Each structure stands twice: as structure tokens, then as C-alpha cells.
Amino acid sequence: MIRVGVNGYGTIGKRVADAVAAQPDMELVGVAKTSPNYEAEAAVRRGYDLYAAVPDRADAFAAAGVDLAGGVADLVDASDVVVDCCPAGIGAENRELYEARDTPAVFQGGEDADVAEVSFNSRANFEDARDADYVRVVSCNTTGLSRLLAPLEERFGVEKARVTLVRRGGDPGETSRGPINDVVPDPVGIPSHHGPDVSTVLPDLTVDTAALKAPTTQMHTHSVNVTLEDAPDPEAVRELLAEESRVFVIPETAAIDGAGRLKDYALDAGRPRGDLWENCVWGESINVAGRDLYLFQNVHQEADVVPENVDAVRAMATDVDAAESTARTDETLGVGLESVFSDGRIDGEREPVPADD
Ligand code: NAD
């Protein structure tokens, strides 16, 4: 049993904690929080032990009538691996705490790559994290691009990828973020940092990215153009992507026209928090002209890195291989969303996986 602590219980941390708690080979030691807010209540309701992330603020938990199991140092001591889900930049500050207590840690994509020995994506470079002490799970956008580009590279060869990322302005709970009424190039300079970040997990690929921010909290949208080394027909690309458990090829029949309906689809499927752990690629958008592949995909920023965090822990703490870890994570969480419509799946190859098991 791998004992896992989660430091930082916000958007990513609460999802990672639930995912860890669902693993048969992992035990969630507890979660560290800065304040006794509504998310602390969610942890209490789930029966997770709470630790004070900032020792000076422990009194606030007592005043709110919330019992603590200890401070964050106690959580680190009790864990074989800590998953740091603190805001960008805080993870790097926390590394000292983990090092001092000789506890390996997984960091998130908001940290610079040099926070860890390895930047990680299950599909792209699982083995690189084997036995590493410090691993960074790459950001939601980089995760989405890596999952898409790794199979394309393996099957057809990738000469160059060009991606425009229309990013959500903030997460649903982030009331102070924006834009409210604009679409903003961000960064204005091209290329954006996303392409180089993909190179931290797929170093042989050339990926140019440009990024904008849009007034939505739902998902990121990627407009993808990949020049391949071979010239496949669109159906071959579609079949390749449909075989990937962490890619959902949206069938035309489903009449899903954007992130709103995608999230509704996830809720109807019984997904916790309406989470979409998979890249969502519009089947109709997959088109090939010569060696140029075009498609649209959406990435649920709050959710897609969650299975990757579970796999990163396994890569660091066990000898389980990528295929087995991915399968185990997918089965326990219900990753592998597929439509019952025939134009969304390869008939006979896989049965739909219930999303809520
Ligand atoms: P968040 O703000 O939703 O959650 C962070 C939590 O950490 C909050 O509850 C905050 O109170 C707490 N915290 C602050 N300081 C702390 C400290 N010193 N010790 C412990 N906890 C502390 O942030 P998030 O969106 O979950 O992002 C976490 C990390 O995941 C960042 O690196 C981010 O870049 C990355 N990430 C975020 C998203 C996303 O879209 N939300 C997607 C992928 C990766």
C-alpha cells in the first residue's frame, strides 16, 4: 500500500485526493489545507484526515470546530509520496519541506520544470519517472497535447505540430479572473510557452503554440494542425485516437457543439463534479489534407491531470508498468468515456465503460 498525502486541497488537490482514495494499492493519508472553508468541509464529509498547511492557522480550524490530525510536516512524515497541489510557485517553496523529510513528491504543471527531475505524462514518458524522487505532472494543456501527439508520433510520425489554444479565463470558482468580455492573446508573443512545455515530455517533437484567453470557465479548446510524416486517411486517425482510453472521440450524432454540452454530457454520464478526464476530440473535425492533419479538441482543465497524478505516484513508488498503471487508474476512476453511438466507437473492439463505477 502506498501512503499518499495531498498538500493543497483546491481544484486539483480535491480531485487527486478522491482519485488516490479510489486506488486499491494506495491509501490517502490525508490532505493539508490553509483554512477551514467549504473545501475543508468537503474533506471532512469524505472522512479524509485534515492537516493544517500553515501551522499558525491551526487555531482557525479549532475555532470552526474542525478537528485536525496534525500539521503539514506530520502529513509529510506519514506519507510515502506527497502530491503537492498548491498554487503555482508554492510547490517549489515546499520542496525544501519534502527534501528535509526525505519524502518524494509530485508537483503540478504551474511549477517550472526545474522543480523536479522529471516532467511527466503517462502516455508520453511514464518510465522516466521510475524511482524519481521529484516529478512534475505537466499542465492541463500540455497533458492534452501530449496525449494527442504521442500516438500520432508513434503511428504516423510528427514532422511539426502547430496549435492555437483558446484557454478558459479561469476555473468556475475563480470569481476574480477573466477576461469578462473579450478574447485576449495571452501571451501576446508567439510562440507561447506551451510548445516548449510539451518538449519536456516529448523532447523529439517540434510544437509551435499560440494562446488566447476567452471569457469561459468550462474548458480549453485546441485548434490543432499536425504535419505528419505519413499521409493517413482521416478514418485511420479517428480509429487511432478512439483506441486511446484517455481520448474521447465525440460522435457527430451526439450533437455536442461545445464545452457546455460536453460538461452536460459528463454530468448525465454520472461523472463526479462533471469531470472529463479524457481529451475530447470532435470526430467530424478530424481532417487530412496531404500530410496535414487538422482537428479540434477540448481539455477539461480541472480534471485531465488527475489520472496522470495517480500514475506518477505508481511510477515513483512501484515497479508497475505504464500499461498496467494506466489500466488500473482508468478502471478505478471510470476513465474511458465512450458514446453508445456507432460513429463514436470502433464496433466490437471495446464495450462502453460506465462513467460512474
Ligand atoms: P487552487 O487555488 O484551486 O488550489 C490550491 C489550494 O492550495 C487552495 O486550496 C489554497 O488555499 C491552497 N494553498 C495555498 N497555499 C498553500 C500552502 N502553502 N500549503 C498548502 N496549501 C496551500 O489551485 P489549483 O487550480 O488546484 O492549482 C494547483 C496546481 O495545479 C498549480 O500548479 C496549477 O498550475 C496546477 N494546475 C491547475 C489546473 C487548473 O486549471 N486549475 C490544471 C492543471 C494544473
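Numbers here are sequence positions counted from 1. Atoms within each ligand, like the ligands themselves, are counted from 1 in listed order. Please read all numbers here as calculations on a predicted model, not as lab measurements.
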**Message:** How about CD on E96, more than 12 heavy atoms from neighbouring residues, nucleotides or ligands closer than 6.0 Å, or not?
**Reply:** no

Donor-acceptor pairs are to be reported for all side-chain atoms of residues 82-92 against protein atoms at under 3.5 Å, with residues two or more places apart or in another chain.
| unit_1 | atom_1 | unit_2 | atom_2 | d |
| --- | --- | --- | --- | --- |
| D84 | OD1 | C86 | N | 3.1 |
| D84 | OD2 | N94 | ND2 | 2.8 |
| D84 | OD2 | Y98 | OH | 2.5 |

**Message:** Give me each pair satisfying salt bridge (Lys or Arg N to Asp or Glu O under 4.0 Å) with a member in residues 13-22, each pair once, sequence neighbours excluded.
**Reply:** K14-E39, R15-D275, R15-E302, D18-R46, D18-R273

**Message:** Would R95 pass as a cation-pi partner of Y134, given that its NZ or CZ must be under 6.0 Å from the six-membered ring centre and within 45 degrees of the axis?
**Reply:** yes

**Message:** Side-chain heavy atoms under 4.5 Å apart, restricted to Ile/Leu/Val/Met/Phe/Trp/Tyr: what other residues fall into the cluster of L75, or is it alone?
**Reply:** V29, Y51

For a distance cut-off of 3.5 Å, show me each N or O of ligand 1 paired with any protein N or O, plus the separation.
| unit_1 | atom_1 | unit_2 | atom_2 | d |
| --- | --- | --- | --- | --- |
| ligand 1 | 3 (O) | T11 | N | 3.0 |
| ligand 1 | 3 (O) | T11 | OG1 | 2.9 |
| ligand 1 | 11 (O) | T34 | OG1 | 3.1 |
| ligand 1 | 26 (O) | T11 | N | 3.3 |
| ligand 1 | 26 (O) | I12 | N | 2.9 |
| ligand 1 | 32 (O) | G110 | N | 3.2 |
| ligand 1 | 34 (O) | G110 | N | 3.2 |
| ligand 1 | 40 (O) | R168 | NH2 | 2.8 |
| ligand 1 | 41 (N) | D171 | OD2 | 2.6 |

**Request:** Could you check R147, R246, R271 and say which one makes a salt bridge (Lys or Arg N to Asp or Glu O under 4.0 Å) with E278?
**Result:** R271

